[in-house]
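What follows is a set of notes on a single structure, which appears directly below.
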Amino acid sequence: MKFTLRDAEMLQSIFSSRRDVRGNRFVDTPIEGEVLRKILEAAISAPSVGFSQPWKFLIVQNDAKREAIYNEFVSENAKASKKFGDNSLYPTLKLEGIKESPLNIAVLYQKPTKAVLGQTTQKKMGEYSVVCAIQNLWLMARAYNIGVGWVSILRPKKVKKILGISSEYKLIGYLTMGYVSEFLNEPELLKLGWEEKKTLNEVVEWV
């Protein structure tokens, strides 16, 4: 299949309008089963080193488990806030949407039981492959006007215990997903002045 310039421009539009969505923007509208299937199919179309496909997606439906994970976030976020000292902005940031989002998804990496092509030297390539799957999911969700948030202020071992995940799996990401009231015209942390956006010249070097 050969794509057109219009296709490339549409893809760039999706890239540039993807946002990390927090709980202050999710709405109650449920995600249709067929739409969710297409988003997850996009995720498992991601590249994986050695075609290992080491991912698993655990959709968290149980309210008690969600509540326990939310409490874990609250505990860890209290610790995290101390690391930013006198920064008055941090306590005002909404950094998750665990209870507000229609869907919570734990994204797991299945640890290999034998040698995997392309991963014998760089052992974490399988985990990086799972991150690529998350990015695919995120972008396809945005194409359907669905927001995604990545909740990283969690202890993976604690989340695994809450969800009853076996030792053969490693937690890579805990995602919240749903339709939103709006997508901001620029990343929220940029808008709030937390960080400045880097230019291409700042991150590319020729050697």
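Source: prediction; values computed, not measured. Note that these values count all heavy atoms, side chains included, but never hydrogens, waters or copies made by symmetry.
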Q.
To the closest 0.5 Å, what do you measure between CE (M10) and OG1 (T4)?
A. 10.0 Å

Q. Would a hydrophobic clustering, with Ile, Leu, Val, Met, Phe, Trp and Tyr connected at side-chain separations under 4.5 Å, put V21 with V27?
A. no

Q: Report yes or no: does R66 contribute a side-chain atom to a donor-acceptor pair with the main-chain N or O of I98 at less than 3.5 Å?
A: yes

**Q.** Which atom of L139 lies closest to which atom of R18, heavy atoms considered
**A.** CD2-CD, 4.0 Å

Q | Path from I172 to Y169 over hydrophobic side-chain contacts below 4.5 Å | A | no

(Q) I'd like to know whether NZ of K65 has more than 12 heavy-atom contacts from other residues, nucleotides or ligands below 6.0 angstrom. (A) yes

Q. Does a side-chain heavy-atom distance below 4.5 Å link V35 with I39?
A. yes

Q. Do side-chain atoms of E127 reach the backbone of K124 as a donor and acceptor pair under 3.5 angstrom?
A. no

Q: Determine whether I134 and Y128 fall in the same hydrophobic cluster, where Ile, Leu, Val, Met, Phe, Trp and Tyr are linked whenever their side-chain heavy atoms lie under 4.5 Å apart.
A: no

**Q.** Nearest heavy-atom neighbours spanning A133 and W55
**A.** CB-CE3, 3.6 Å

(Q) Between Q119 (side chain only) and V49 (backbone N and O only), is there a donor and an acceptor less than 3.5 Å apart? (A) yes

Q. Would you say the side chain of R142 lies within less than 4.5 Å of the side chain of S17, judging by non-hydrogen atoms?
A. yes

Q) Does N77 use its side chain to pair, donor to acceptor, with the backbone of V74 at less than 3.5 Å? A) no

Q | Crowding at CG, D28 (>12 non-hydrogen neighbours, <6.0 Å) | A | no

**Q.** Distance, nearest 0.5 Å, that separates CH2 of W150 from CD1 of I105
**A.** 12.5 Å

(Q) Quick one: does any side-chain atom of W138 pair with a main-chain N or O of A43 as donor and acceptor, under 3.5 Å? (A) no

Q) Any side-chain heavy atom of F57 sitting closer than 4.5 Å to one from L137? A) yes

Q.
Are more than 12 heavy atoms, taken from residues, nucleotides or ligands other than E196, located less than 6.0 Å from that residue's CD atom?
A. no

(Q) If hydrophobic clusters are built from ILVMFWY residues whose side chains come within less than 4.5 Å, do L95 and L190 share one? (A) no

**Q.** Salt bridge E168-K56, side-chain N to carboxylate O under 4.0 Å
**A.** no

**Q.** Flag if over 12 foreign heavy atoms under 6.0 Å of NZ, K79
**A.** yes

(Q) Looking at Q12, I'd like to know if its CD atom is crowded, meaning that more than 12 non-hydrogen atoms belonging to other residues, nucleotides or ligands lie closer than 6.0 Å. (A) yes

Q: Please name the pair of heavy atoms, one in V180 and one in F26, separated by the smallest distance, quoted to 0.1 Å.
A: CG1-CD2, 4.0 Å

(Q) For P102 versus G178, what's the shortest heavy-atom pair and its separation? (A) CD-CA, 3.7 Å

**Q.** Candidates L108, V60, N104 - the one meeting side chain to side chain contact (heavy atoms under 4.5 Å, CB included) with L163
**A.** V60

(Q) Heavy-atom count check: over 12 atoms from other residues, nucleotides or ligands less than 6.0 Å from E182 CD? (A) yes

(Q) Within the 4.5 Å heavy-atom criterion, are M177 and S101 side-chain neighbours or not? (A) no

Q. Do I59 and L36 come close enough that some side-chain heavy atom pair is under 4.5 Å?
A. yes

Q: Quick one: pull up CD1 in I69 and NZ in K99 and give me the separation to the nearest 0.5 Å.
A: 12.5 Å

Q | Mutual orientation of the aromatic rings belonging to W194 and Y90 [parallel < 30°, tilted 30-60°, perpendicular > 60°] | A | tilted

Q: Sort and list the pairs that fulfil side chain to side chain donor-acceptor pair (under 3.5 Å) and have at least one residue in residues 35-48, not counting sequence neighbours.
A: E34-R37, R37-E41

Q. Are any of the side-chain nitrogens in K191 or E188 under 4.0 Å away from the carboxylate oxygens of its partner?
A. no

(Q) Measuring from atom CD of Q135 to atom CZ of F15, what distance do you get when rounded to the nearest 0.5 angstrom? (A) 7.5 Å

(Q) Just so I know, are the side chains of L89 and F84 near enough to count as touching, which here means a heavy-atom distance under 4.5 Å? (A) no

Q: Spell out, as yes or no, whether a donor-acceptor pair under 3.5 Å connects the side chain of K170 to the backbone of K111.
A: no

Q.
What's the separation between atom CD in E67 and atom CD1 in I162, rounded to the nearest 0.5 Å?
A. 10.5 Å

Q: Answer yes or no: is there a side-chain heavy-atom contact under 4.5 Å between E96 and K94?
A: yes

Q) Can you get from Y174 to I31 by hopping between Ile, Leu, Val, Met, Phe, Trp and Tyr side chains that sit under 4.5 Å apart? A) no

Q. With distance as the sole test, does R19 use its side chain to make a donor-acceptor pair with the main-chain N or O of L184 at under 3.5 Å?
A. yes

Q. Quick one: does S75's side chain have a donor or acceptor within less than 3.5 Å of a partner on N71's backbone?
A. no

(Q) Testing the basics here: between A42 and N136, what is the closest heavy-atom pair and its distance to 0.1 Å? (A) O-ND2, 2.8 Å

Q: Indicate yes or no for a side-chain donor-acceptor contact from E72 to the backbone of V159 under 3.5 Å, with no hydrogens or angles considered.
A: no

**Q.** Closest contact, heavy atoms only, L171 versus A106
**A.** CD1-CB, 4.0 Å

